[in-house]
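Below, all heavy atoms of this structure are taken into account, side chains as well, without hydrogens, waters or symmetry copies.
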Amino acid sequence: MNSGMEQNGGEGAFRSERMDSAHPNWQTAVRRAHTLYPRNNDIRSEFERDYTRILHCGAYRRLKHKTQVFFAPKNDHVCTRMEHAAHVASVSTTIAKYLGLNEELTRAIALGHDIGHAPFGHHGETCLNTLLEQKDGVNAPKRFWHERNSLFFADYIETLQDPDGALQPLNLTYAVRDGIICHCGEIHETGVRPRSEETDLYGIRRAGALQPYTWEGCVVKIADTAASLGRDIEDARIYHILDMGAYRELKEIVAETIGFGPRSGRAVNTTVLINDLIVDLCRQSSPERGLCFSAPYCAFISRLRQFNTANIYNHWRLREFERYAANVLRTIHDALLRTFPFAASKKIPFCLKRFPRLLETFEDWLVCCSDYDEQAKRTRRCSTPAVFSVHDEQSYRKCIIEYISGMTDQYAIQIYEEIISF
């Protein structure tokens, strides 16, 4: 390892900051809302249990059919949000292992960071928030953002069977829950450092408002960006989104920011980009400086984001699909909102009898997440709280939004076609 790495940090530089039983914040980090049922033969740590609880929940499984960049992809080799979560887990645990941080905590945060993401990616997130604004007014604060929704799903929606067969909430540790809601935000040369104080996570009002509580959460925050930039370019190549002018621009960005002139634009791929970003981060970071990239790589990330936005995210074909996706989500929302006057008297089956696919999943959702049918909930042995009320229109609207947010791209399209077909 060169002397620059030794001066700035290097291998094991964060070992004293590692979230383990010796850390002063350990008891807060591993605290759960309720005591998790014990297993007499369990060999896992608290964070390993969180990892496997996320891995086996339905919200994580549905990520395999949720948009990363390209909507409802039919090409098996194009990245979905599940693959993105795996990339983030790989990048973040590599960094954590080298720096001496807790790999198990890092991996659990990374796997769960997007479990509450809407269908159709960030555009779907915008659409759902717009539907909420129709009630609250255009100046209302953003009420649907996927970081908070991922925490909400982890706390109140997703369940696993306990050893007795009852459905119990995921009940994750504070450190993992915190890492999930705090995983987004800008990355600057000044460095990312964890905050020192515990906070009410539902008191966070916007994405990126607070840094994570742990260094491990900060690693995931950085890995979320590092894992996506190159892969988005690879997927754009698969769909022939980029032309030769775009490749020339990539070559110029690489040469002007990090000085690798001989590389062509085609060398900016996932494996090359992730390796270089990880190495630079590990060389530059220390507990004193925080987690940071060098100035050239900060400039490179900024330029690459601008390139992806101009050439990929704002491509006319994606814009066309965005209009379609917005109509899909609005149609489902409006159809379900028509059921509000009948939900309190349990007439949902009557209201949705023409849409059997929608009826099956929406009524299940109401049973598990609202006060729709408490007897049915007891019969199903579901222990999630009734976070929505079928007797209050505002609560019911939010219930619908959350239901839609759990859909995959393909399922939302299937429900839309069920609604509009005669």
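Contacts classified as salt bridge (Lys or Arg N to Asp or Glu O under 4.0 Å) and involving residues 165-179 (residues at least two apart or in different chains) are given here: Asp155-Arg177, Asp178-Arg195. Residue pairs satisfying the side-chain hydrogen bond (donor to acceptor under 3.5 Å, both in side chains) criterion with at least one member in residues 332-351, sequence neighbours excluded, are listed as follows: Arg330-Asp334, Thr339-Tyr396.
With sequence neighbours excluded, the residues satisfying ring pair (Phe, Tyr, Trp, His ring centres under 6.0 Å) with Tyr239 are Phe70. Residues passing the side-chain hydrogen bond (donor to acceptor under 3.5 Å, both in side chains) test with Gln68 are Arg81, sequence neighbours excluded. Partners of Glu402 by side chain to side chain contact (heavy atoms under 4.5 Å, CB included), not counting sequence neighbours, listed by chain and number: Phe144, Asn149, Phe152, Phe153, Trp365, Phe388, Lys398, Ser405. Every residue meeting the salt bridge (Lys or Arg N to Asp or Glu O under 4.0 Å) condition with Arg18, not counting sequence neighbours, appears here in chain and number order: Asp20. Residues satisfying the salt bridge (Lys or Arg N to Asp or Glu O under 4.0 Å) criterion with Arg354, sequence neighbours excluded, are absent altogether. For Tyr60, the side-chain hydrogen bond (donor to acceptor under 3.5 Å, both in side chains) criterion is met by no residue, not counting sequence neighbours. Taking the salt bridge (Lys or Arg N to Asp or Glu O under 4.0 Å) definition, one finds that Asp371 meets it with nothing, sequence neighbours left out. Every residue meeting the side-chain hydrogen bond (donor to acceptor under 3.5 Å, both in side chains) condition with Arg32, not counting sequence neighbours, appears here in chain and number order: Glu46, Asp50. Under the rule for a side chain to side chain contact (heavy atoms under 4.5 Å, CB included), the partners of Thr225 that lie at least two apart in sequence or sit in another chain are Ile187, Leu229, Ile301, Arg305. Considering only residues two or more places apart in sequence or on other chains, Gln414 meets the side-chain hydrogen bond (donor to acceptor under 3.5 Å, both in side chains) condition with Arg357.
If you check the side chains of Arg44 and Thr52, you find a donor sitting under 3.5 Å from an acceptor. Side-chain atoms of His77 and Asp235 form no donor-acceptor pair, as typed in the model, at a separation below 3.5 Å. For the residue pair Thr361 and Tyr411, a side-chain donor N or O sits within less than 3.5 Å of a side-chain acceptor on the partner. Between the side chains of Glu104 and Ser45, at least one donor N or O lies within less than 3.5 Å of an accepting N or O. A donor atom on one side chain and an acceptor atom on the other are not found under 3.5 Å apart for Thr257 and Tyr297. Side-chain N/O atoms of Gln375 and Arg378 include a donor and acceptor closer than 3.5 Å. Side-chain contact annotation: Asn102 with Glu216, donor-acceptor N/O pair under 3.5 Å absent.
In this structure the side chain of Leu160 never reaches within 4.5 angstrom of the side chain of Gln168, judged on heavy atoms.
Of the options His146, Lys221, His113, a side chain to side chain donor-acceptor pair (under 3.5 Å) to His183 is made by His146 and by none of the others.
Comment: Arg62 engages Glu158 in a salt bridge, judged by a side-chain N to carboxylate O separation of less than 4.0 angstrom. Look at Arg231 and Glu83 and you find a salt bridge, because one of the NZ, NE, NH1 or NH2 atoms lies within 4.0 Å of a carboxylate O, short of that distance.
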